[in-house]
Amino acid sequence: MTRVAAIDCGTNSIRLLIADLDGHGGLTDVVRTLEVVRLGEGVDRTGQFSQGALDRTLAAVRRYADLCREHGAERIRFVATSATRDAANRAEFTDAVVAILGVPVEVIPGTEEAALSFRGALTALPAAEPDATTNTAPAPQHLVVDLGGGSTELVIGGKIPEAAYSMDVGCVRLAERNITSDPPSGSELSAICSDVNAALDIASATVDLSQATEVIGVAGTVTTITAHALDLTSYDPVAISGSRLPLADVLRSCEALTLMSRAEREALPYMHPGRVDVIASGAIIWATVLQRVADAAAAAGHPLEWVTTSEHDILDGVALSLGNSADGSPVSPV
């Protein structure tokens, strides 16, 4: 067993996973926690981290450093994604993290973010059932969609990633860019949909959406929409992770969340306070992606009827990357 710590710093939240990693690639959680710090607040408009966002995020990093020491993490990996890729003053942030935590900040490209999310998401899936006539398991093409605050990653493959693309559309970025009304107006929601479709037009040249036989959504927007579809009385990651819902149910939940006022969203028992102002934007992104995949799959002759949600994502992929290779050295990042 090796005790590892993975930190994923995104546009909206910063997350920590401390886990025991066995020699067979299995993870046992010790600590899994999240704080919404909105590091990417205003980055789409200004190209800079604000001082307030830096202060909130670095305070969380200090708390995470204490947890890593308390639980004896032997290896730590800190990855930063969309907002840090975009911020001109990112060195101010990355230098401070090194001083606090003692490890470098890896500002990973969107393609690596997608690959890590793919690896993490698949750890939560059950083994495929063998075909009754051939006694062999089918080979699904998983499309993992990591819907974040600043970007959305698409990655497709069987057991390993085969193609990936990172789109600069995320729930925080598009909410800041388009939404001023409460509840969001039809024109505001249409503008977000147009931005997502334009990004998908480009992404589909790299990631063939028509090949997807299974869609797996990860990250807080998707899990919150799933909680709504399940009509949960509180946020329950056990109920959410691995859930497989009809596409129509997920699309209805997306629509319902976009029509609510802020007060109505705040009252939902599973809604994290840090997602209240961006969930409508995220719901439009998720619905638009799912509809495009469904249309492409139907045209290819295999309709998309179900959508899977995983609580396991890039954070798990980062933790798994800290395992050993056969000679005892750390494995490569992806």
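- T308 has its side chain out of reach of V215: every pair of non-hydrogen atoms, C-beta onward, lies at least 4.5 Å apart.
- Ion pairing between R63 and E35 holds under the 4.0 Å rule for side-chain N and carboxylate O.
- When all heavy atoms of T226 and S243 are compared, the closest pair comes out as CG2-OG, 3.3 Å.
- When only modelled atom types and interatomic distance are considered, S117 and D146 share a side-chain donor-acceptor pair under 3.5 Å.
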Side chain to side chain contact (heavy atoms under 4.5 Å, CB included) between C254 and T258: does it pass, once the steps are laid out?
-> CA-CA 6 Å; C254 289; T258 63; 5.6 Å; no

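- Classification of R265 and D277 as a salt-bridged pair fails, no side-chain N sitting under 4.0 Å from a carboxylate O.
- Side-chain N or O atoms of H142 include none that pairs as donor or acceptor with a backbone N or O of V144 at under 3.5 Å.
- Rounded to the nearest 0.5 Å, atoms CD1 (I284) and CG (D195) are 11.5 Å apart.
- Criterion: ILVMFWY side-chain heavy atoms under 4.5 Å apart, direct or through other members. Under it, V107 and L58 are part of a common hydrophobic cluster.
- For the pair D8/I14, no side-chain contact is recorded, criterion being any heavy-atom separation below 4.5 Å from C-beta on.
- Between the side chains of T33 and Y64, no donor-acceptor pair is found at a separation under 3.5 Å.
- No donor-acceptor pair closer than 3.5 Å links the side chain of T152 to the backbone N or O of L147.
- We find that R262 and D182 are not joined by a salt bridge, their nearest charged nitrogen and carboxylate oxygen being 4.0 Å or further apart.
- In this structure, CZ on R62 lies 14.5 Å from CG on L67, to the nearest 0.5 angstrom.
- Between V98 and F78, every side-chain heavy-atom pair lies at or beyond the 4.5 Å cut-off.
- Nearest heavy atom pair, residue A212 against residue L143, reads CB-CB, 3.8 Å.
- Side chains of E162 and Q211: a donor-acceptor N/O pair is absent below 3.5 angstrom, by distance only.
- Follow the hydrophobic side-chain contacts under 4.5 Å out from I18 and you never reach L34; the two are in separate clusters.
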Can T84 and L39 be said to form a side chain to side chain contact (heavy atoms under 4.5 Å, CB included), step by step?
-> CA-CA 8 Å; T84 311; L39 176 63; 3.9 Å; yes

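- A side-chain donor-acceptor contact under 3.5 Å links N89 to the backbone of F49.
- There is a side-chain donor-acceptor pair under 3.5 Å between S151 and E153.
- Atom CG of L116 sits about 10.5 Å away from atom CG of L315, to the nearest 0.5 Å.
- Between the side chains of S181 and E188, at least one donor N or O sits under 3.5 Å from an acceptor N or O.
- Follow the hydrophobic side-chain contacts under 4.5 Å out from V37 and you never reach I314; the two are in separate clusters.
- Side-chain atoms of L268 and M260, non-hydrogen and from C-beta on, do get closer than 4.5 Å to each other.
- For the pair D316 and R119, the salt-bridge criterion is not met [side-chain N within less than 4.0 Å of a carboxylate O].
- In this structure, the side chains of E41 and R56 come closer than 4.5 Å at one or more pairs of heavy atoms.
- L209 and L247 fall within the same hydrophobic cluster, where Ile, Leu, Val, Met, Phe, Trp and Tyr residues are linked whenever their side-chain heavy atoms come under 4.5 Å apart, directly or through other members.
- Within a 6.0 Å radius of CD1 in I160, other residues, nucleotides and ligands contribute 12 heavy atoms or fewer.
- For the pair T57 (side chain) and L54 (backbone), a donor-acceptor distance under 3.5 Å is absent.
- Comment: E113 engages R85 in a salt bridge, judged by a side-chain N to carboxylate O separation of less than 4.0 angstrom.
- No side-chain heavy atom of V4 sits under 4.5 Å from any side-chain heavy atom of I76.
- Rounding to the nearest 0.5 angstrom, the gap separating the CG atom in N12 from the OG1 atom in T221 is 7.5 Å.
- A donor-acceptor pair is defined here as one N or O able to donate and one able to accept, closer than 3.5 Å; such a pair exists between the side chain of S281 and the backbone of C171.
- In terms of modelled atom types and a separation under 3.5 Å, the side chain of D249 and the main chain of L245 share no donor-acceptor contact.
- With hydrogens and angles ignored, the 3.5 Å screen pairs a side-chain donor or acceptor of T213 with a backbone N or O of Q141.
- V145 and F118 are assigned to two separate hydrophobic clusters, defined by single-linkage of ILVMFWY side chains at heavy-atom distances under 4.5 Å.
- Minimum heavy-atom separation, D208 to S210: OD1-OG, 2.6 Å.
- Not a single donor-acceptor pair under 3.5 Å links the side chain of R15 to the backbone N or O of R32.
- Between the R38 side chain and the A53 main chain, no donor and acceptor come within less than 3.5 Å of each other.
- Looking at L257 and M271, their side chains come closer than 4.5 Å, going by heavy atoms from C-beta outward.
- Screening residues 86-97 for salt bridge (charged side-chain N to carboxylate O under 4.0 Å, His left out), with sequence neighbours left out, gives D86-R173.
- Residue A164 comes nearest to T206 through the heavy atom pair O-CG2, 3.5 Å, listed as atom of the first residue, atom of the second, then distance.
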Hey, mind stepping through L101 and I7 against side chain to side chain contact (heavy atoms under 4.5 Å, CB included) and telling me if it holds?
-> CA-CA 11 Å; L101 203 59; I7 300 173; 3.6 Å; yes

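- With no hydrogens or angles considered, a side-chain donor-acceptor pair links Y270 and H228 at under 3.5 Å.
- Across every non-hydrogen atom of C68 and L16, the tightest pair is SG-CD1, 4.1 Å.
- Residues T223 and V218 form no side-chain contact, since every pair of their non-hydrogen atoms from C-beta on lies 4.5 Å or further apart.
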Show the numbers, then the answer: is there a side chain to side chain contact (heavy atoms under 4.5 Å, CB included) between L27 and L320?
-> CA-CA 7 Å; L27 284 173; L320 289 167; 3.8 Å; yes

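- Taken from CG in L230 to CD1 in I225, the straight-line distance is 12.0 Å, to the nearest 0.5 Å.
- S261 contributes a side-chain N or O that, together with a main-chain N or O of E264, makes up a donor-acceptor pair within less than 3.5 Å.
- Taking a 6.0 Å sphere around CG of D201, one finds it holds more than 12 heavy atoms contributed by other residues, nucleotides or ligands.
- Salt bridge present: E106 and R77 bring a charged side-chain N and a carboxylate O closer than 4.0 Å.
- Taking each heavy atom of V31 and H71 in turn, the nearest pair found is CG2-NE2, 3.5 Å.
- Of the options L290, V222, I216, a side-chain contact (heavy atoms from CB on, under 4.5 Å) to V307 is made by L290 and by none of the others.
- Taking CD1 of I240 as the start and OG1 of T309 as the end, the distance is 8.0 Å to the nearest 0.5 Å.
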